[in-house]
Q: 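Could you have a look at this structure, given as structure tokens, before my questions?
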Amino acid sequence: MRVVRGRAPGRDADTAVTRDLLEWVRANNEPAVRVWPPGRVVAFGRRDANEAGYADAVAAARDREFPTVERSVGGRAVAYTESTLAFARITPAEDMRTGLDARYDAMVGDIIDALHAVGATGARPGEPAASFCPGDHSVQADCGKLAGVAQRVTRGAALTSGVLVVDDRRVIADVLDAVYGALGAPFDPESVGSVRAAGGDPADARDAVERALVGDHDPTVDAVHST
């Protein structure tokens, strides 16, 4: 298994790191893992971009000093601060029609294991009502939603990825409240949780998630230039 650590200088370059890793998995028929802090941004889904209030939502994010991007996987908007973690596991996929549920279940289980490892109590599958980026494959604790998972299957490889709220839940709730309001989508600011709010140690979160995603594999570690 190949593990890539760090963040590339510039958002386009950073996106290319994961894209290149996907190509590497296809070419080498080996899995790969990446866990990294993508930096402060609001990432909109394709559905958001088609809403009448999209321009206002982008403006609301930028008014709060959040750059904006559109992403190719996942649903509704998510917000990242400097403490937020993105995570991805890319696995070979010979048949695009099989394995979807198993990959989702494995990722949700691994994120819960990582949260328990850092002391986040009550981590379990599911999400509160009116959460950010609502979906069937999420992780919550008593304080709110901690993580959401998405998946994209292409020829030869499957990308299972997501976002983990480590800290800054109030900052994230504030910007998403404005964004979802502009989009006319339901959102409850109190539904946002975090590793810290669940009693976990934010400093250990990245390493714990990486260990959980690697599992029993023997990893080869590479690095990208961090910002």
Side-chain angles (χ1 to χ4, degrees), residues 1-46 48-49 58 61-62 64-75 77-93 103 107 110-111 114 132-133 147-168 171-172 175 179 194-195 202-215 217-227:
M1 173 178 278
R2 185 180 178 194
V3 173
V4 173
R5 293 175 179 165
R7 188 170 85 215
R11 200 161 301 282
D12 290 343
D14 193 65
T15 299
V17 172
T18 302
R19 184 177 62 243
D20 292 347
L21 200 54
L22 187 66
E23 294 296 332
W24 184 91
V25 171
R26 288 195 189 106
N28 292 274
N29 200 38
E30 287 186 36
V33 161
R34 187 180 182 209
V35 183
W36 74 106
R40 187 181 181 95
V41 70
V42 170
F44 290 95
R46 290 178 177 176
D48 298 325
V58 170
R62 293 178 177 171
R64 289 160 177 79
E65 299 183 345
F66 276 81
T68 62
V69 296
E70 293 180 26
R71 69 189 194 280
S72 60
V73 297
V78 296
Y80 304 73
T81 67
E82 291 78 2
S83 67
T84 307
L85 290 174
F87 54 85
R89 180 162 54 204
I90 308 170
T91 52
R103 287 187 293 268
M107 180 63 83
D110 287 342
I111 295 302
F132 66 88
C133 196
V149 177
Q151 190 171 169
R152 179 164 62 96
V153 184
T154 62
R155 179 185 52 82
L159 169 66
T160 311
S161 61
V163 54
L164 174 64
V165 182
V166 178
D167 208 343
D168 302 320
V171 176
I172 290 170
V175 67
V179 163
S194 70
V195 173
D204 292 340
R206 198 214 69 85
D207 289 348
V209 172
E210 183 181 285
R211 285 194 300 269
L213 268 59
V214 169
H217 291 277
D218 184 17
T220 299
V221 178
D222 296 324
V224 296
H225 295 294
S226 61
T227 57

Q: May I ask you to test the E70-R46 pair for a side-chain heavy-atom distance under 4.5 Å?
A: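 SC-SC contact between E70 and R46 ruled out.
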
Q: To the nearest 0.5 angstrom, please state how far the CD1 atom of I90 sits from the CG atom of L21.
A: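 The CG atom of L21 is 4.0 Å from CD1 of I90, to the nearest 0.5 Å.
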
Q: Checking V224 against R5 for the side chain to side chain contact (heavy atoms under 4.5 Å, CB included) test, could you report, in this order, the C-alpha distance in whole Å, the side-chain angles of both residues, the deciding distance, and whether it holds?
A: CA-CA 6 Å; V224 296; R5 293 175 179 165; over 6 Å; no

Q: How many angstroms lie between OG1 in T160 and CZ in F87, if you round to the nearest 0.5 Å?
A: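 Between T160 OG1 and F87 CZ, I get 9.5 Å after rounding to 0.5 Å.
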
Q: Using side-chain heavy atoms (C-beta onward) and a distance below 4.5 Å, is T91 in contact with R103?
A: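 Result yes, sub-4.5 Å side-chain heavy-atom pair found.
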
Q: Are P92 and V25 side-chain neighbours, meaning at least one heavy-atom pair lies under 4.5 Å?
A: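 A side-chain contact exists here, since the closest heavy-atom pair is under 4.5 Å.
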
Q: Locate the shortest heavy-atom distance separating L164 from A147; write the atom from each residue and the value.
A: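 Nearest pair, atom of L164 first, then A147: CD1-CB, 4.0 Å.
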
Q: I'd like to know if R2 pairs up with D222 as an ion pair, taking the criterion as any Lys NZ or Arg NE/NH1/NH2 lying under 4.0 Å from an Asp or Glu carboxylate oxygen.
A: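 So R2 pairs with D222 through a salt bridge.
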
Q: Apply side chain to side chain donor-acceptor pair (under 3.5 Å) to D168 and T81, showing your working.
A: CA-CA 7 Å; D168 302 320; T81 67; 2.6 Å; yes

Q: Would V4 and V17 satisfy side chain to side chain contact (heavy atoms under 4.5 Å, CB included), going step by step from the backbone distance to the final call?
A: CA-CA 9 Å; V4 173; V17 172; 4.0 Å; yes

Q: For V195 and V165, what are the C-alpha separation, side-chain angles and deciding distance, and is it a side chain to side chain contact (heavy atoms under 4.5 Å, CB included)?
A: CA-CA 6 Å; V195 173; V165 182; over 6 Å; no

Q: Taking side-chain contact (heavy atoms from CB on, under 4.5 Å) as the test, write out the residues that go with R62, two or more places apart.
A: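 Here the qualifying residues are V58, T68.
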
Q: Apply side chain to side chain donor-acceptor pair (under 3.5 Å) to R211 and list each qualifying residue two or more places apart in sequence or on a separate chain.
A: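 Listed in chain order: nothing, the list is empty.
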
Q: Determine which pairs satisfy salt bridge (charged side-chain N to carboxylate O under 4.0 Å, His left out) with at least one residue from residues 15-33, sequence neighbours left out, and list them in order.
A: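 As it turns out, the salt bridge (charged side-chain N to carboxylate O under 4.0 Å, His left out) pairs with a partner in residues 15-33, which skip direct neighbours, are E23-R26.
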
Q: Show your reasoning for whether side chain to side chain donor-acceptor pair (under 3.5 Å) applies to T18 and R34.
A: CA-CA 8 Å; T18 302; R34 187 180 182 209; 2.9 Å; yes

Q: Over all heavy atoms of both residues, which pair between A93 and A158 is shortest? Give the atoms and the distance, please.
A: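 Distance-wise, the nearest heavy atoms are CB-N, 4.0 Å.
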
Q: Taking all non-hydrogen atoms of both residues into account, name the closest pair between P31 and H217 and its distance.
A: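 The pair with the smallest heavy-atom distance is CG-CE1, 4.0 Å.
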
Q: Distance check, rounded to the nearest 0.5 Å: E210 atom CD versus D110 atom CG?
A: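 E210 CD to D110 CG: 12.5 Å, rounded to 0.5 Å.
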
Q: Quick check: do V35 and L213 have side-chain heavy atoms less than 4.5 Å from each other?
A: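 Side-chain contact under 4.5 Å: yes.
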
Q: Which value, rounded to the nearest 0.5 Å, describes the distance between S194 atom OG and I172 atom CD1?
A: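 Result: 8.0 Å between the selected atoms.
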
Q: Could you pull out all residues at least two apart from A86 that satisfy side-chain contact (heavy atoms from CB on, under 4.5 Å)?
A: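 Applying side-chain contact (heavy atoms from CB on, under 4.5 Å) to A86 gives W36, P38, Y80.
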
Q: Using side-chain contact (heavy atoms from CB on, under 4.5 Å) as the criterion, list what pairs up with A205, not counting sequence neighbours.
A: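 Here the qualifying residues are L85, V166.
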
Q: Within this structure, what is the OG-CD distance for the pair S161 and Q151, rounded to the nearest 0.5 Å?
A: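 Here the rounded value is 8.5 Å.
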
Q: Does D48 reach the main-chain N or O of F44 with its side chain, forming a donor-acceptor pair under 3.5 Å?
A: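 Answer holds: no.
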
Q: Take T84 and V163 through the side chain to side chain contact (heavy atoms under 4.5 Å, CB included) test and state the conclusion after the steps.
A: CA-CA 7 Å; T84 307; V163 54; 3.3 Å; yes

Q: Which residues pass the side chain to side chain donor-acceptor pair (under 3.5 Å) test with R40, sequence neighbours left out?
A: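 With sequence neighbours excluded, R40 shows a side chain to side chain donor-acceptor pair (under 3.5 Å) to no residue whatsoever.
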
Q: To the nearest 0.5 Å, tell me how far C133 SG sits from R71 CZ.
A: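 So the SG of C133 and the CZ of R71 are separated by 4.5 Å.
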
